[in-house]
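Ligands are counted one by one from 1 in listed order, and the atoms in each one are counted from 1 as well.
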Amino acid sequence: MSFRSWCGPDGLGKARETPTGVVLSVDMVVMLPDPEWTGEGPPEEVEVEDTYELPCKYVVCSRCNGKGTHVNPSIDGNGITSSEWAEWDDEEKDHYMSGAYDVSCEECHGLRVVPEVDAERCDPVILKAYEDYVESAYDGYAEEMAERRMGC
Ligand SMILES: [Zn+2]
């Protein structure tokens, strides 16, 4: 299982098409200047929990390398080792090579491309908050994987 599949089919947040392009809407907390700040100097920052939209661009899917399909993971898991390959009979090898074991890509669902947050077009404050959010989610994922390995 990859980090992406752990955190949902669309990663963290939901990709959505808009007239101006694809965006990722994410529910998260961002530190923003307090709109009610009336004191002296720069406004205090407050945590604002909301749905934020980050502009995205489409990049070639790294799971299938833009093919839209990949071999069913139940067949080859994380790739075939040469010893596994040697155990297969010719028919199985033919099937594999001809793509008979292929399934629609788990990551891009056959679209060949996946939306990726376009850092250049993002508000730096929102981008930073998103990166922190991804990082903390990734820590949670790494922890869960470690616990699983230990059989918890
Ligand atoms: Zn793909």
Side-chain angles (χ1 to χ4, degrees), residues 1-32 45-152:
M1 187 162 75
S2 72
F3 174 53
R4 254 191 108 95
S5 59
W6 173 79
C7 65
D10 297 313
L12 296 163
K14 252 198 140 9
R16 190 165 74 77
E17 295 284 351
T18 71
T20 51
V22 62
V23 297
L24 185 71
S25 31
V26 191
D27 295 321
M28 61 180 182
V29 174
V30 179
M31 295 297 288
L32 292 172
E45 293 198 326
V46 288
E47 290 185 351
V48 184
E49 189 173 1
D50 204 352
T51 303
Y52 296 90
E53 295 199 325
L54 294 89
C56 292
K57 58 186 172 185
Y58 279 111
V59 294
V60 171
C61 175
S62 59
R63 177 76 173 86
C64 64
N65 290 319
K67 229 176 111 194
T69 58
H70 53 69
V71 176
N72 191 328
S74 68
I75 301 286
D76 76 345
N78 294 314
I80 297 179
T81 61
S82 51
S83 62
E84 278 170 346
W85 182 249
E87 282 170 20
W88 284 14
D89 62 32
D90 288 341
E91 198 184 330
E92 284 174 318
K93 287 178 188 171
D94 279 350
H95 268 277
Y96 186 84
M97 298 307 281
S98 69
Y101 294 133
D102 283 4
V103 292
S104 185
C105 178
E106 290 172 340
E107 182 126 354
C108 65
H109 310 289
L111 296 174
R112 300 183 170 85
V113 287
V114 287
E116 190 181 271
V117 170
D118 189 350
E120 283 175 19
R121 285 160 54 218
C122 273
D123 182 324
V125 175
I126 308 284
L127 181 65
K128 176 78 178 67
Y130 176 69
E131 284 171 348
D132 289 348
Y133 179 52
V134 171
E135 201 173 299
S136 66
Y138 190 80
D139 285 348
Y141 164 74
E143 225 164 82
E144 193 183 310
M145 289 300 111
E147 277 171 14
R148 273 193 205 187
R149 272 197 299 276
M150 283 158 47
C152 292

Asker: Given side chains that start at C-beta, do those of E107 and H70 come closer than 4.5 Å, heavy atoms only?
Answerer: no
Asker: For a quick test of reading the model, state the closest non-hydrogen atom pair linking V22 to E17 and the distance between them.
Answerer: CB-OE1, 4.0 Å
Asker: Would you find more than 12 non-hydrogen atoms of other residues, nucleotides or ligands less than 6.0 Å from E91 atom CD?
Answerer: no
Asker: To check your reading of the site, what angle at the Zn ion (ligand 1) do SG of C64 and SG of C61 form, to 10°?
Answerer: 100°
Asker: Using a distance threshold of 2.8 Å, state whether an N, O or S atom of H109 lies below it from the Zn ion (ligand 1).
Answerer: no
Asker: Any N/O/S atom of C105 sitting less than 2.8 Å from the Zn ion (ligand 1), backbone or side chain?
Answerer: yes
Asker: Hey, is the main chain of Y141 close enough, under 3.5 Å, to the side chain of E144 for a donor-acceptor pair?
Answerer: no
